There are 2 protein chains.
Amino acid sequence: MTVFSVANISSTNRQEDLDEWEIAVIDLFLNAANSFGLPKSYGQIYGLLFCRDQSLSMDQVMKLLEISKGSASQGLRALRQLGAVSSVFEPGDRKERYVAEIRLRKLVGGFLREQADPHLDKGVGRLKQIETLLGNLDNTDSMKRGVRKHEILSGWHRQMSRLLPWVKMIVGKSDRLPQKSSD
Amino acid sequence: MTVFSVANISSTNRQEDLDEWEIAVIDLFLNAANSFGLPKSYGQIYGLLFCRDQSLSMDQVMKLLEISKGSASQGLRALRQLGAVSSVFEPGDRKERYVAEIRLRKLVGGFLREQADPHLDKGVGRLKQIETLLGNLDNTDSMKRGVRKHEILSGWHRQMSRLLPWVKMIVGKSDRLPQKSSD
DNA sequence: CACTTTGTTCAAGTTTTTTTGAACAAAGTG
DNA sequence: CACTTTGTTCAAAAAAACTTGAACAAAGTG
């Protein structure tokens, strides 16, 4: 008798489940996170928030993605740290809620600030250390070779330092979508 | 066997061990590889070759770094694939020998070509897939939201595609150190 | 040819990274 | 207060990534 058994899809899709396209987007970010060297759960969390227009609580994130409390907590913290997610306080609500940052410039900027810059800084230290080791040597062939290599590394370091500001700049240039161009 | 001087492994350069500064440089590259998402052994191998002015055989690489045959073989192959190492045939020598590419432009270019470009390509496919999933939907709210998100992702994709050529260009600008010309 | 040298492959072992969940802390509520 | 809700921490479990080495292939040598 039941003509349409809608039973398998919860009444009016009260966002208790992910839509197919959302699953695909989440998977896209999972892979992206991976290739940026971030845990895949970070990608999933960001992807989910990216899909939604409204803020989600940690609890919702856990349930929708079926990940543990620990992963959700750590993932959200790291993403906030990166500037990829921000928390929002809905008045009259006890739990914190989260939304995704969708301005590419901000995302790239945060990533570079948290990942690239620290590496460059550590690089300075390493170069100094090498310099010291070379200083202990006499004018051996090895030492002269070392000095040359050290110079090359210093040059690279300088180049990379110069590159990063450009990247931040170029990416920000036209953040929004192209004006709806005909076709 | 051969008595005449094959300058490479000649008596003057009988380095059976690494110098301290070389160890530091190798460690630097080990860490760098890691943060680029490459296995650390790749970093070590590149670092070793970077330190040396003369080509090394796989055998020497294995022994100097104390890594296995498998690691050496796979690492060298991957590095060649990335354009970070090239092989050299010394006439009258059976084994292949390897040298590091030290032009930053080439290194960055190879990395982008092998790592970034493929990801962007895969992205096109993923975007198409999402489009398809959205096409199956009626004009639900979810679908409209999905379309908006898809547009955002497409915009990002375009931005990244535009960025990469700039990176390759900027890095190449003044590759070498002052004077020291060779090409 | 039989033998040596050089390099590749891949299943199994090792190490590293990520995830989980239970214990805990903090803060709101009645 | 006692109780609930929300979020953090971290040791242990699980998963993923990397390395090893023995078996194999390819190619030079005498």
Side-chain angles (χ1 to χ4, degrees), chain A residues 26-27 29-49 55-82 85-99 114-115, chain B residues 1-2 6 8-9 26-27 29-49 55-82 85-99 115:
Chain A
I26 289 166
D27 189 57
F29 279 107
L30 183 156
N31 279 97
N34 229 306
S35 55
F36 281 116
L38 300 173
K40 57 186 199 170
S41 66
Y42 294 13
Q44 292 178 287
I45 295 171
Y46 180 84
L48 171 59
L49 295 175
S55 61
L56 295 180
S57 66
M58 191 174 102
D59 196 56
Q60 292 175 293
V61 170
M62 276 171 62
K63 285 183 183 141
L64 286 165
L65 296 176
E66 294 170 317
I67 62 178
S68 70
K69 231 179 169 194
S71 279
S73 175
Q74 291 180 190
L76 284 167
R77 176 156 46 125
L79 289 168
R80 261 176 305 173
Q81 170 75 8
L82 277 173
V85 159
S86 42
S87 60
V88 155
F89 302 94
E90 302 280 3
D93 194 349
R94 196 117 137 255
K95 39 186 172 255
E96 215 164 350
R97 306 179 70 80
Y98 304 91
V99 293
E114 297 296 319
Q115 311 284 309
Chain B
M1 301 276 281
T2 37
V6 175
N8 279 334
I9 321 177
I26 290 166
D27 188 60
F29 279 107
L30 183 157
N31 279 96
N34 229 302
S35 55
F36 280 117
L38 301 173
K40 57 185 199 168
S41 67
Y42 294 14
Q44 292 179 285
I45 295 170
Y46 180 84
L48 171 59
L49 294 176
S55 60
L56 295 180
S57 67
M58 192 175 101
D59 196 56
Q60 292 175 293
V61 170
M62 277 172 62
K63 285 184 182 139
L64 286 165
L65 296 176
E66 294 171 316
I67 63 178
S68 70
K69 230 177 168 197
S71 279
S73 175
Q74 292 181 189
L76 284 168
R77 175 157 47 127
L79 289 168
R80 259 177 305 174
Q81 170 75 9
L82 277 171
V85 159
S86 42
S87 60
V88 156
F89 303 94
E90 301 281 3
D93 195 349
R94 197 117 137 254
K95 39 187 172 250
E96 217 165 347
R97 306 179 69 81
Y98 304 91
V99 292
Q115 311 283 310

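Because only heavy atoms are used, hydrogens play no part in the values below, and waters and symmetry mates are left out as well, while side chains stay in. In this text, all values refer to a predicted model and were calculated from it rather than measured experimentally. All chains are named by letter (A, B, ...) in the order of the sequence lines, taking the proteins before the strands, and each is independently numbered beginning at 1.
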* Asked: Given dT20(D), is OP1 or OP2 found less than 4.0 Å from the side-chain N or O atoms of S71(B)?
  -> yes
* Distance check: side-chain N/O of R80(B) vs OP1/OP2 of dT8(C), anything under 4.0 Å? -> yes
* Structure fact -> Residue pair G37(A)/G70(A) against DNA chain C: nearer the 5' end by closest nucleotide is G37(A)
* Asked: In whole angstrom, what separates E90(A)'s CD from dT6(D)'s C1'?
  -> 16 Å
* Below 4.0 Å: OP1/OP2 of dA16(D) and any side-chain N or O of K40(A) -> yes
* Between dA17(D), dT8(C), dT20(D), which one does the side chain of N34(A) approach most closely? -> dA17(D)
* Between dA15(D) atom P and Q44(A) atom CD, what is the distance in whole Å? -> 14 Å
* Residue met sooner reading DNA chain D from 5', once P39(B) and D59(A) are mapped to nucleotides -> D59(A)
* To do: Would you tell me if any nitrogen or oxygen in the side chain of S73(B) comes within less than 4.0 Å of OP1 or OP2 on dG7(C)?
  => no
* Residue E96(A), side-chain heavy atoms: nucleotide from dG7(D), dG7(C), dT5(D) that is nearest -> dG7(D)
* **Value in whole Å for how far the P atom of dT5(D) lies from CE of M62(A)** => 14 Å
* Asked: Is there a side-chain polar atom (N or O) of S41(A) under 4.0 Å from OP1 or OP2 of dT19(C)?
  -> yes
* To do: Please give the nucleotide sitting opposite dT5(C) as a Watson-Crick or G-U wobble pair, both distances under 3.5 Å, or none.
  => dA26(D)
* **Distance in angstrom units between R77(B) CZ and dG7(C) P, rounded** => 13 Å
* Asked: When the nearest nucleotide of DNA chain C is assigned to R94(A) and to I67(A) on a heavy-atom basis, which residue is associated with the more 5' position?
  -> I67(A)
* Asked: According to a strict under-4.0 Å criterion, is K95(A) in side-chain N/O contact with OP1 or OP2 of dT6(D)?
  -> yes
* To do: Examine dG21(C): is either OP1 or OP2 under 4.0 Å from a nitrogen or oxygen in the side chain of S68(A)? Give yes or no.
  => no
